[in-house]
Asks: 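Here it is: the structure, laid out below.
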There are 2 protein chains.
Amino acid sequence: MCNYLVYHHRMANSIPSAATMRAWRAFLEAHSRLTTRLGDELEAETGLPLSWYDVLVHLAEATGNRLRMTDLAGAVLLSKSGLTRLVDRLCAAGLVARCPDPDDRRGTFVELTEAGRNRLRAASPVHLRGIEEHFGRHFTGPEATALATLLGRIQR
Amino acid sequence: MCNYLVYHHRMANSIPSAATMRAWRAFLEAHSRLTTRLGDELEAETGLPLSWYDVLVHLAEATGNRLRMTDLAGAVLLSKSGLTRLVDRLCAAGLVARCPDPDDRRGTFVELTEAGRNRLRAASPVHLRGIEEHFGRHFTGPEATALATLLGRIQR
DNA sequence: GCCAACTCGTTGCGTGTACAACTATCTTAG
DNA sequence: CTAAGATAGTTGTACACGCAACGAGTTGGC
């Protein structure tokens, strides 16, 4: 899924410029190639799918290494049901554990296990190297900052 | 699926800078939000999924409004089998047609039908407006050009 | 010319995801 | 205090996608 290029049919206003369309195309193409490549590398070298890694990182960053299902779903940009199944798999692999929230018996915390922490520690250098090699290395420091600023304008 | 943030574990070299990581996070988040939003809008207002739109645009741009399966798969960044199924659906909807390549009897052309062209003409303003409203509008002309240049460095 | 190697597109299968409906729990208005 | 509504997470179901294997067709070395 990716291109959605201009089909020339100029209307009154609010039509993207040619530069905008070039940026949009480059954006989509870059995303597709980067996620595919980084995902393949991570899985090949560490056996960890990108979605698993993503969950582990968010838990590792959270205070207490635990997060509520809903919050985690928001963090990894997944639907609630999608996260339920993903956490099922991570639980089965022993990398995270579910524990009930005593203050709200509807809620569930997802907590990083020791095995999960170790697994993340092992995978992290591989993925970071990949990010640098396939993404960061193409930009100077100021360029990376500019990129973050520009893309950061797309919010919520 | 999305974050893959830094888990601080500094190694010798080739570790992404903080600016790179900010850019990477912003990139992933922007992509997730934009594709979701644009896809929802397009489907709600025109009944056309983004993947369908993408195919139609590429055919409309191709000479003769036709493309070989493999080339089309490359253009829309989909696997061969994924494209086979997608084209199945578009055929069933009457928006494209398959026709054999007389010069290579293994090959198949996918061709835009009149209905497909009309459907694309109707959907295109909606999607372009969306691109401008959710993406282009956040950038000045030079910024969009810079973005295209920077992202364009991620190749192949 | 012929067989091996390659290419094109499709199919079987497994997987990951979203949506909607559901259960259990919490919150709030009256 | 209770009933109505909101919220947390799970489950049923459908679907889109990739990978590997396949059948048909093409190409190149000998």
Side-chain angles (χ1 to χ4, degrees), chain A residues 1-3 28 31-33 35-44 47-55 66-93 96-111, chain B residues 1-3 28 31-33 35-44 47-55 66-93 96-111:
Chain A
M1 170 193 347
C2 261
N3 225 298
L28 292 173
H31 181 269
S32 171
R33 303 213 183 279
T35 53
T36 302
R37 183 149 21 187
L38 289 171
D40 288 353
E41 280 184 12
L42 186 66
E43 184 134 24
L48 220 49
L50 217 38
S51 54
W52 292 32
Y53 183 89
D54 204 13
V55 168
R66 50 186 3 236
L67 238 30
R68 289 288 293 270
M69 288 292 288
T70 300
D71 298 331
L72 187 53
V76 300
L77 302 169
L78 218 58
S79 70
K80 286 188 304 170
S81 64
L83 185 70
T84 292
R85 267 71 179 249
L86 178 51
V87 168
D88 286 348
R89 285 169 251 144
L90 284 159
C91 272
V96 306
R98 272 186 242 248
C99 28
D101 180 349
D103 297 343
D104 182 346
R105 303 212 314 263
R106 295 169 304 179
T108 309
F109 281 110
V110 184
E111 193 172 328
Chain B
M1 171 194 349
C2 258
N3 226 299
L28 292 173
H31 180 270
S32 171
R33 303 212 183 280
T35 53
T36 301
R37 186 149 19 188
L38 290 171
D40 287 353
E41 280 184 13
L42 186 66
E43 185 134 23
L48 220 49
L50 219 38
S51 54
W52 291 32
Y53 183 89
D54 203 13
V55 168
R66 50 186 2 235
L67 239 30
R68 289 287 294 270
M69 287 292 288
T70 300
D71 298 330
L72 187 52
V76 300
L77 303 170
L78 220 57
S79 69
K80 287 188 303 171
S81 64
L83 186 70
T84 293
R85 269 70 178 250
L86 179 52
V87 168
D88 286 348
R89 285 169 251 145
L90 284 159
C91 272
V96 306
R98 272 187 242 249
C99 28
D101 179 349
D103 297 344
D104 183 345
R105 304 215 310 267
R106 293 168 303 180
T108 308
F109 282 111
V110 184
E111 194 172 328

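Each chain gets a letter, A, B and so on, in the order the sequences are listed, and its residues count up from 1.
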Asks: Honestly, is B:R68 close enough over B:F109, meaning NZ or CZ under 6.0 Å from the six-membered ring centre and within 45° of the axis?
Replies: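 Because its charged atom sits under 6.0 Å from the ring centre and within 45° of the axis, B:R68 does stack over B:F109.
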Asks: What closest approach, in Å, do B:R66 and B:C99 show between heavy atoms, and which atom pair accounts for it?
Replies: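 Closest approach of B:R66 to B:C99, heavy atoms only: NH2-SG, 4.1 Å.
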Asks: Nearest heavy-atom pair of B:C91 and B:A97: which atoms, and what distance?
Replies: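 Where B:C91 meets B:A97 most closely, the heavy atoms are SG-CA, 4.2 Å.
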Asks: In B/S/- notation, 5' to 3', how is nucleotides 4-13 of chain C contacted by protein heavy atoms closer than 4.0 Å?
Replies: ---BSBBBBB
Asks: Listed by chain and number, what are the side chain to side chain donor-acceptor pair (under 3.5 Å) partners of A:D71, not counting sequence neighbours?
Replies: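 Applying side chain to side chain donor-acceptor pair (under 3.5 Å) to A:D71 gives none.
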Asks: Between B:D101 (CG) and D:dA24 (P), how many Å, whole number?
Replies: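 That distance rounds to 19 Å.
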Asks: For the residue pair A:V110 and A:M69, establish whether any side-chain heavy-atom pair is separated by less than 4.5 Å.
Replies: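 Yes - at least one pair of side-chain heavy atoms lies under 4.5 Å apart.
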Asks: For A:L72 and C:dT17, what is the distance between atoms CG and P respectively, to the nearest whole Å?
Replies: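 Whole-Å distance recorded here is 12 Å.
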Asks: For A:D54 and C:dG16, give me the distance from atom CG to atom C1', rounded to whole Å.
Replies: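 Going from CG in A:D54 over to C1' in C:dG16 covers 15 Å.
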Asks: For B:L50 and D:dA16, give me the distance from atom CG to atom P, rounded to whole Å.
Replies: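 Distance, rounded to whole Å: 14 Å.
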Asks: Specify the separation, in whole Å, of atom CG of B:L86 and atom P of D:dC15.
Replies: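 It is 15 Å, rounded to the nearest whole Å.
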Asks: Quick one: on DNA chain C, does A:R105 or A:S79 contact a more 5' nucleotide (nearest heavy atom)?
Replies: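 Whichever sits nearer the 5' end wins; that is A:S79.
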Asks: Side-chain atoms of residues 78-86 of chain B: list all donor-acceptor pairs with protein atoms under 3.5 Å, sequence neighbours left out, distances to 0.1 Å.
Replies:
from: B:S79; atom 1: OG; to: B:S81; atom 2: OG; distance (Å): 3.4
from: B:S79; atom 1: OG; to: B:G82; atom 2: N; distance (Å): 3.0
from: B:T84; atom 1: OG1; to: B:K80; atom 2: O; distance (Å): 3.2

